[in-house]
Amino acid sequence: MESLQSHRVEMISIAVALVAIGAGTAFYFYITKKPKGFLDPENFKEYKLVKRTELSHNVAKFKFALPTPNSVLGLPIGQHMSCRGKDNVGEEVVKPYTPTTLDSDIGYFELVIKMYPQGRMSQHFREMREGDYLAVKGPKGRFKYQPNQVRAFGMIAGGTGITPMFQVTRAILENPDDKTNIHLIYANVTYEDILLKEEIDNLAIIFPNQFNVYYVLNQPPEGWEGGIGFISKEMIQSHCPPPAPDVQILRCGPPPMNKAMAAHLNDLGYTAQMQFQF
């Protein structure tokens with residue numbers, strides 16, 4: 001029995017190592033042979049939806065093809081793009097979204113979208129079917145990332161605010177030369193609302209010394225072992241790096257949450273230079 005258990009642990013370790021090696025190899029080719037991106041900051045371009053995967057009753061993953069199998073989107077790490085669609089009365093609507101993919105994912109990009117009942121752009125995504133096209137332009141955003149620009153990031157995300165955090169986290173962890181530590185606090189209402197949980201948990205398993213995550217739920221299920229309620233100053237103290245010149249706290253969530261987190265961070269001694277809001 002002990003021999004069988006040992007064999008299982010060994011196989012899991014090998015699988016984790018292969019995933020890490022594959023990610024590092026992909027990133028190496030990405031940074032050394034990166035082709036020109038297809039995004040246009042001034043003009044909308046259309047991309048074909050090639051796969052739609054339902055993740056829950058109101059969340060889906062949309063995979064869009066780029067012009068060629070070797071194309072890259074051309075979106076800098078931590079930035080977003082504008083997506084154009086039509087609401088339920090046919091009026092044009094434009095809203096920013098951050099892909100969960102990087103330019104190391106060649107030939108396509110993916111968006112994980114939560115579709116709200118009253119959301120104008122949600123209506124457009126709700127009606128999209130494989131073969132339809134999405135108009136996109138960019139990049140946009142103030143965030144500029146360079147490997148090892150800080151010793152550690154604290155990340156505070158709520159709901160769909162996880163997407164820029166996930167993008168930055170992937171970029172750091174898939175770059176073998178980037179030693180930045182990441183401490184993520186991710187808040188949602190219910191367990192079912194947690195986006196990208198499997199992907200986040202896999203990264204925590206593969207990179208246990210560089211990335212950790214703490215989930216917070218307002219309405220947790222029975223037996224929940226994570227945080228309960230809203231993100232508090234005590235949670236930030238326990239799960240984010242303390243204030244320092246080489247630390248930055250990133251936050252992204254609904255406006256009331258962003259306002260509350262800014263107040264918490266100010267009270268805890270994080271200066272304006274140590275904070276960034278997506």
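This one's a predicted model, so the numbers in the text were calculated from it and none came from an experiment.
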Taking every non-hydrogen atom, the tightest pair across Gln273 and Gln248: O-NE2, 3.8 Å
Ionic contact status for Lys86 with Glu127, cut-off 4.0 Å: no
Shared hydrophobic cluster for Phe44 and Val93 (ILVMFWY, side-chain gaps under 4.5 Å): no
Minimum-distance pair of heavy atoms, taken over all atoms of Lys140 and Ser82: CE-OG, 3.0 Å
Spacing of Lys48 atom NZ and Asp132 atom CG [to the nearest 0.5 Å]: 10.0 Å
Donor-acceptor pair, side chain of Arg52 and main chain of Met128, under 3.5 angstrom: yes
Check: Asp267 main-chain N/O paired with Lys233 side-chain donor or acceptor under 3.5 Å: no
Asn175 side chain vs Ala171 backbone, donor-acceptor pair below 3.5 Å: no
Worked check of side-chain contact (heavy atoms from CB on, under 4.5 Å) between Phe62 and Tyr97: CA-CA 12 Å; Phe62 297 81; Tyr97 290 95; over 6 Å; no
Contact summary for Ile200 and Phe166, nearest pair of heavy atoms: CG1-CD1, 4.1 Å
Smallest separation among heavy atoms of Gln275 and Leu265, with atom names: OE1-CD1, 3.6 Å
Worked verdict on Asp105 versus Glu110 for side-chain contact (heavy atoms from CB on, under 4.5 Å): CA-CA 9 Å; Asp105 300 304; Glu110 291 180 341; over 6 Å; no
Polar side-chain atom of Tyr214 near backbone of Gly227 as donor-acceptor pair, under 3.5 Å: yes
Evaluation steps, salt bridge (charged side-chain N to carboxylate O under 4.0 Å, His left out), between Arg170 and Glu199: CA-CA 10 Å; Arg170 269 198 63 193; Glu199 293 86 346; over 6 Å; no
Within one Ile-Leu-Val-Met-Phe-Trp-Tyr cluster: Leu203 and Val112, side-chain cutoff 4.5 Å: yes
Parallel, tilted or perpendicular, as decided by the 30° and 60° cut-offs, for the rings of Phe109 and Tyr47: perpendicular
Glu192 side chain near Ser56 side chain, heavy-atom distance below 4.5 Å: no
Backbone N/O of Arg84 and side chain of Glu92: donor-acceptor pair under 3.5 Å: no
Atom pair SG (Cys240) and NE2 (His264), whose distance is rounded to the nearest 0.5 Å: 11.5 Å
Ring geometry between Tyr191 and Trp224 (parallel below 30°, tilted from 30 to 60°, perpendicular above 60°): perpendicular
More than 12 heavy atoms of other groups within 6.0 Å of Glu54 CD: yes
Between Thr190 and Asn188, a side-chain donor and acceptor under 3.5 Å: no
For Leu75 against Gln167, the heavy-atom pair lying closest together: CD2-NE2, 3.5 Å
Asn58 side chain reached by Lys114 side chain, heavy atoms, under 4.5 Å: yes
Tyr186 vs Leu195 side-chain heavy atoms within contact, under 4.5 Å: yes
Validation row: Glu130, Lys51 side chains within 4.5 angstrom (heavy atoms): yes
Phe143 atom CZ, over 12 foreign heavy atoms within 6.0 Å: yes
Flag side-chain contact, heavy atom, 4.5 Å: Leu134 against Leu49: no
In one Ile/Leu/Val/Met/Phe/Trp/Tyr side-chain cluster, 4.5 Å: Phe153, Phe207: yes
Side chain to side chain, Met261 and Gln277, heavy atoms closer than 4.5 Å: no
Co-membership, hydrophobic cluster, residues Met274 and Ile236, 4.5 Å side-chain: yes
Residue pair Thr180 / Asp178, side-chain donor-acceptor N/O under 3.5 Å: yes
4.5 Å side-chain heavy-atom contact, Val50 and Tyr108: no
Step-by-step side-chain contact (heavy atoms from CB on, under 4.5 Å) determination, Thr101 to Leu73: CA-CA 9 Å; Thr101 44; Leu73 185 61; 5.8 Å; no
Gap between atom CG of Asp177 and atom CD1 of Ile172 - 0.5 Å precision: 13.0 Å
Non-hydrogen atoms of Lys197 and Tyr215 that approach each other most closely: CG-OH, 3.6 Å
Gap separating the CE atom of Met115 from the CZ atom of Arg126, nearest 0.5 angstrom: 7.0 Å
N/O donor-acceptor pair under 3.5 Å between Asn258 side chain and Gly253 backbone: yes
Nearest-0.5 Å distance, CG of residue Leu250 to CZ of residue Phe276: 7.5 Å
Point-to-point distance, once rounded to the nearest 0.5 Å, from CD of Gln123 to CD of Gln118: 10.0 Å
